[in-house]
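As structure tokens, the structure follows; a few thoughts come after it.
The figures here come from the full heavy-atom set of this structure, side chains too, leaving out hydrogens, waters and symmetry mates. In listed order, ligands and their atoms are each counted from 1. Everything quoted here is computed from the prediction, not taken from an experiment.
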Amino acid sequence: MRFDREKLLAYYADEPGDISLGDIDLARIPSHVSIIMDGNGRWATKRGLDRAQGHVAGVDSLREAVTTSVRLGFDVLSVYAFSTENWRRPKLEVDLLMKLFAKTLVAELPLFHQENVRLRLFGDLEALPEETFRVFQRGLDETADHDGMTFALAVNYGSRAEIVRAVREIARLAAAGEIDPDAIDQDLFASKLYTAGLPDPDLLIRTSGELRLSNYFLYQLAYTEFYATDTLWPDFSRWDMLRAIRDFQGRSRRYGGV
Ligand code: FPP
């Protein structure tokens, strides 16, 4: 996607010293960047705060990541906000996260309009609290006509559940005689995933030093470049995004070839 050069230069004016916009090739910006946002709890604990404050700080970081992604001209930014396994956290923390998702989305809708960002949601939304579900639906409706960057939020998302759901739907179509099992190919399968219609991620970033996929995008990450950083999510800045892209642009992507 195209970016606004003037806005980009202004956004990256205040250089920290070890990296600048000139270190990356603006002609080779990844199309889809995905982030496993991790480390909110540790960020808070390190400061003697409670975990909730780490998540609140994580929202500021996410807002910056969305703006950074628009400025750099990504087509898609996707983030893993809540997994199917995260329900195992203390009820108080889960309740807080659900409220935070709803509150944040309402608060950020003007930014989505201003930057022409379209919202997508990945996951089993039916299981979310009613208010969160309602606000998500509003976000989808209000941004459906936007044709700038897509911002995708994975909430109550698990990749294995997503794959099983796709298989079930394809089996249903086959049983009804609507598709021939021999006609099932990768394109058809991908069209039944939450990510239907979007390019696979070029770059996956995981913060906080963990080196796991945590049931995220098991199908979609087949040829994705992986970038791990020790930076905790609330500290992840526009400069960390540049560092990740610089690293990504130094890789040789061969897709199994030579
Ligand atoms: C990981 O930190 C973060 C989460 C499970 C929640 C992600 C939520 C946000 C970043 C808040 C903003 C999101 C939206 C969509 C408004 P952790 O709690 O696993 O941290 P830890 O590994 O240090 O315990």
Mind checking whether Tyr80 and Phe122 have ring centres under 6.0 Å apart?
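Ring centroids of Tyr80 and Phe122 are no less than 6.0 Å from each other.
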Distance under 4.0 Å to a non-hydrogen atom of [X]: what atoms of ligand 1 satisfy this?
X	value
Thr104	16 (C)
Leu153	15 (C)
Trp233	10 (C)
Leu62	13 (C), 14 (C), 15 (C)

Pairing of [X] and [Y] as salt bridge, 4.0 angstrom limit:
X	Y	value
Arg71	Glu115	yes
Asp247	Arg243	no
Arg165	Glu162	no

Is the shortest side-chain heavy-atom distance between Thr132 and Leu105 below 4.5 Å?
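A side-chain contact is absent here, since even the closest heavy-atom pair is not under 4.5 Å.
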List the closest protein heavy-atom neighbour of [atom]: residue, atom name, distance to the nearest 0.1 Å.
atom	value
atom 12 (C) of ligand 1	Val59 CG2, 3.4 Å
atom 20 (O) of ligand 1	Gly41 N, 3.0 Å
atom 1 (C) of ligand 1	Met37 O, 3.2 Å
atom 7 (C) of ligand 1	Ala81 O, 3.4 Å
atom 8 (C) of ligand 1	Asn40 ND2, 3.8 Å

Assess the side chains of Tyr216 and Ser34: does a donor N or O sit below 3.5 Å from an acceptor N or O?
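Yes, Ser34 and Tyr216 have a side-chain donor paired with an acceptor closer than 3.5 Å.
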Leu97 N/O to ligand 1 N/O under 3.5 Å
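Such a contact does not occur with ligand 1.
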Does atom CG of Leu218 have more than 12 heavy-atom neighbours from other groups under 6.0 Å away?
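Buried by this count: over 12 neighbours within 6.0 Å.
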Using a cut-off of 6.0 Å, state whether more than 12 heavy atoms not belonging to Asp185 lie near its atom CG.
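Yes, the 6.0 Å shell around CG holds more than 12 heavy atoms from other groups.
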Could you check whether any heavy atom of Ser208 sits closer than 4.0 Å to an atom of ligand 1, since that is the contact criterion I want to use?
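Heavy atoms of Ser208 never come under 4.0 Å of ligand 1.
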Would you please determine whether Arg89 falls within less than 4.0 Å of ligand 1 on a heavy-atom basis?
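Yes, that is the case, since the closest heavy atom of the residue is under 4.0 Å from the ligand.
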Report the part of Phe82 (side chain from C-beta onward, or backbone N, CA, C, O) that has a heavy atom under 4.0 Å from ligand 1; answer both or neither where that applies.
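Looking at Phe82 and ligand 1, no heavy atom falls under 4.0 Å.
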Counting heavy atoms only, name the option from Arg42, Arg51, His55 that's nearest to atom 24 (O) of ligand 1.
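Going through Arg42, Arg51, His55 one by one, Arg51 has the nearest heavy atom to atom 24 (O) of ligand 1.
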Looking only at heavy atoms, what is the nearest atom pair of Val94 and Asn86, with distance?
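Heavy atoms of Val94 and Asn86 come nearest at CG2-O, 3.6 Å.
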